[in-house]
Protein chains: 2
Amino acid sequence: MSDLLERLRGRGWRMTAQRRVVAEVLDGDHVHLTADEVHSRAVARLPEISRATVYNTLGEMVSLGEVIEVATDKRAKRYDPNAHRPHQHLVCAQCGQIRDVHPTGNPLSALPDSERFGFTISDVEVTYRGLCPSCTAAA
Amino acid sequence: MSDLLERLRGRGWRMTAQRRVVAEVLDGDHVHLTADEVHSRAVARLPEISRATVYNTLGEMVSLGEVIEVATDKRAKRYDPNAHRPHQHLVCAQCGQIRDVHPTGNPLSALPDSERFGFTISDVEVTYRGLCPSCTAAA
DNA sequence: TCCTACAATGGACAATGTCTAAGTCAAGCA
DNA sequence: TGCTTGACTTAGACATTGTCCATTGTAGGA
């Protein structure tokens with residue numbers, strides 16, 4: 001059921017009730033929760049879980065490469081459990097809704113050597129912004 | 001001298017010592033300061049300028065479209081005065097240095113209709129991550 | 001020069017994230 | 001099954017970043 005949980009277990013992660021709840025809450029497609037949202041949902045299942053644990057757990061999952069941190073222009077970072085398939089994000093400028101999208105081609109090829117300033121580039125992050133169908137209709 | 005200042009003046013912006021200082025501090029290429037850094041530098045020229053004024057002024061410049069907010073993965077938003085030439089960013093994952101870059105082609109064309117979920121897309125933001133020459137050498 | 005609307009100030013408050021010290025518990029081992 | 005131990009969790013203080021508001025100041029026009 002929980003791919004994320006399975007992957008973490010497979011890495012010899014010490015499994016605790018708190019970590020299990022965080023992983024379960026975060027699992028799924030098009031999931032992009034803030035740390036605070038994760039905490040709220042986790043509390044619903046495990047009332048005594050603390051904020052610090054949620055932050056710690058999310059941080060560890062990011063370090064392990066099982067979860068990705070997404071910085072949209074909102075204040076809080078969001079966490080995306082879909083780390084194994086490379087993807088980009090489509091954000092509604094109005095309501096903040098986020099979808100995972102899969103562009104074609106390699107975005108890195110658009111950057112000529114002369115524009116790389118000698119950097120060793122390892123990653124490209126693309127964010128498409130616009131209005132979702134409901135917000136387009138409302139506008 | 002200050003393009004940014006000229007552009008703002010041309011829009012009938014009421015000019016005050018504080019706004020002038022903020023605009024001067026922010027002007028230039030490859031400039032990506034946080035609000036706090038802008039404040040520190042502004043204080044050096046105009047000791048009594050307040051944090052709130054810096055935030056207000058930056059916010060107004062963003063609304064006017066003369067300055068762009070950049071959300072890298074760092075905590076604080078950064079402000080980029082180079083709003084009139086479309087460009088993307090290249091970030092060193094180690095030292096945090098940011099360069100403006102100009103990729104070729106239109107990144108929007110990489111996203112097929114089937115991946116647009118009915119969104120009206122208006123903007124694409126690309127962040128290249130890697131190591132700058134110094135950090136590559138140190139690694 | 002004087003008025004007035006707009007801008008600046010400073011300090012409280014809010015949101016998000018980090019750290020620490022002390023208590024608790026998962027998992028290996030006898 | 002019942003220890004032992006080191007990793008995990010907790011609560012809350014603290015740090016950073018950003019916003020708001022009532023008061024004071026001032027740019028620019030009449």
Side-chain angles (χ1 to χ4, degrees), chain A residues 5 8-26 32-64 66-80 96 98, chain B residues 5 8-26 32-64 66-80 96 98:
Chain A
L5 204 47
L8 291 168
R9 202 196 304 275
R11 284 164 175 272
W13 222 37
R14 180 163 155 183
M15 192 48 60
T16 67
Q18 290 84 352
R19 289 177 168 187
R20 194 185 335 270
V21 166
V22 170
E24 284 171 2
V25 160
L26 202 56
H32 309 87
L33 300 173
T34 63
D36 209 52
E37 288 164 350
V38 171
H39 181 236
S40 304
R41 299 187 186 199
V43 163
R45 303 194 192 192
L46 189 68
E48 68 276 23
I49 192 171
S50 75
R51 272 182 353 114
T53 296
V54 170
Y55 277 103
N56 288 342
T57 304
L58 289 172
E60 284 156 20
M61 294 195 297
V62 170
S63 300
L64 288 173
E66 294 294 349
V67 164
I68 291 173
E69 259 179 19
V70 179
T72 69
D73 56 352
K74 301 289 182 183
R75 293 270 298 273
K77 288 183 217 161
R78 293 181 173 272
Y79 294 87
D80 183 336
I98 304 176
Chain B
L5 203 49
L8 292 168
R9 203 195 305 276
R11 283 162 174 273
W13 220 39
R14 182 162 154 183
M15 192 48 60
T16 67
Q18 290 83 350
R19 289 178 166 188
R20 192 183 339 269
V21 167
V22 170
E24 285 172 0
V25 161
L26 202 57
H32 309 88
L33 299 172
T34 64
D36 208 54
E37 288 165 350
V38 171
H39 181 236
S40 304
R41 298 188 188 196
V43 163
R45 302 195 193 191
L46 189 67
E48 68 277 21
I49 192 171
S50 75
R51 273 183 352 118
T53 295
V54 170
Y55 277 103
N56 289 341
T57 305
L58 289 172
E60 285 156 19
M61 295 195 297
V62 170
S63 299
L64 289 171
E66 295 293 349
V67 164
I68 291 173
E69 259 179 19
V70 179
T72 70
D73 56 352
K74 299 290 184 185
R75 292 271 297 272
K77 287 183 218 161
R78 293 181 172 272
Y79 294 88
D80 183 338
I98 303 176

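Residue numbering restarts at 1 for every chain, and letters A, B, ... go by the order of the sequence lines.
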Point to revise | Residue met sooner reading DNA chain D from 5', once A:Glu48 and B:Thr34 are mapped to nucleotides | key: A:Glu48
Practice item. Find the distance B:Arg19:CZ to D:dA27:P and express it as a whole number of Å. Key: 12 Å
Review point. Closer than 4.0 Å, any side-chain N/O of B:Gln18 to the OP1 or OP2 of D:dT26?
Key: no
Point to revise | Distance-minimising heavy-atom pair for A:His39 and A:Ile49 | key: NE2-O, 3.3 Å
Practice item. Compare every heavy atom of B:Thr57 with every heavy atom of B:Trp13, then report the nearest pair and how far apart it is. Key: CH2-CG2, 3.6 Å
Exercise for review: Check whether any side-chain nitrogen or oxygen of A:Thr53 sits under 4.0 Å from OP1 or OP2 of D:dT10, and answer yes or no.
Suggested key: yes
Review point. Quick one: are A:Leu26 and A:Leu58 in side-chain contact, heavy atoms under 4.5 Å?
Key: yes
Point to revise | B/S/- contact track for nucleotides 18-30 of chain C, protein heavy atom under 4.0 Å | key: BB-----BBS---
Check your understanding: How many Å lie between CD on A:Glu37 and P on C:dG17, as a whole number?
Key -> 11 Å
Point to revise | Main-chain N/O of A:Arg14 paired to A:Arg19 side chain as donor or acceptor, under 3.5 Å | key: yes
**Study point:** Side-chain donor/acceptor of B:Arg45 to backbone N/O of B:Val21, under 3.5 Å
**Key:** no
Point to revise | Distance-minimising heavy-atom pair for A:Ala76 and A:Thr34 | key: CB-CG2, 3.8 Å
Practice item. Please report, rounded to the nearest Å, how far the P atom of D:dT26 is from the CZ atom of B:Arg20. Key: 14 Å
Practice item. Using whole Å, report how far CZ of B:Arg78 lies from P of D:dG18. Key: 10 Å
Review point. Considering heavy-atom distances to DNA chain D, does B:Asp36 or A:Glu60 have its closest nucleotide positioned more toward the 5' end?
Key: A:Glu60
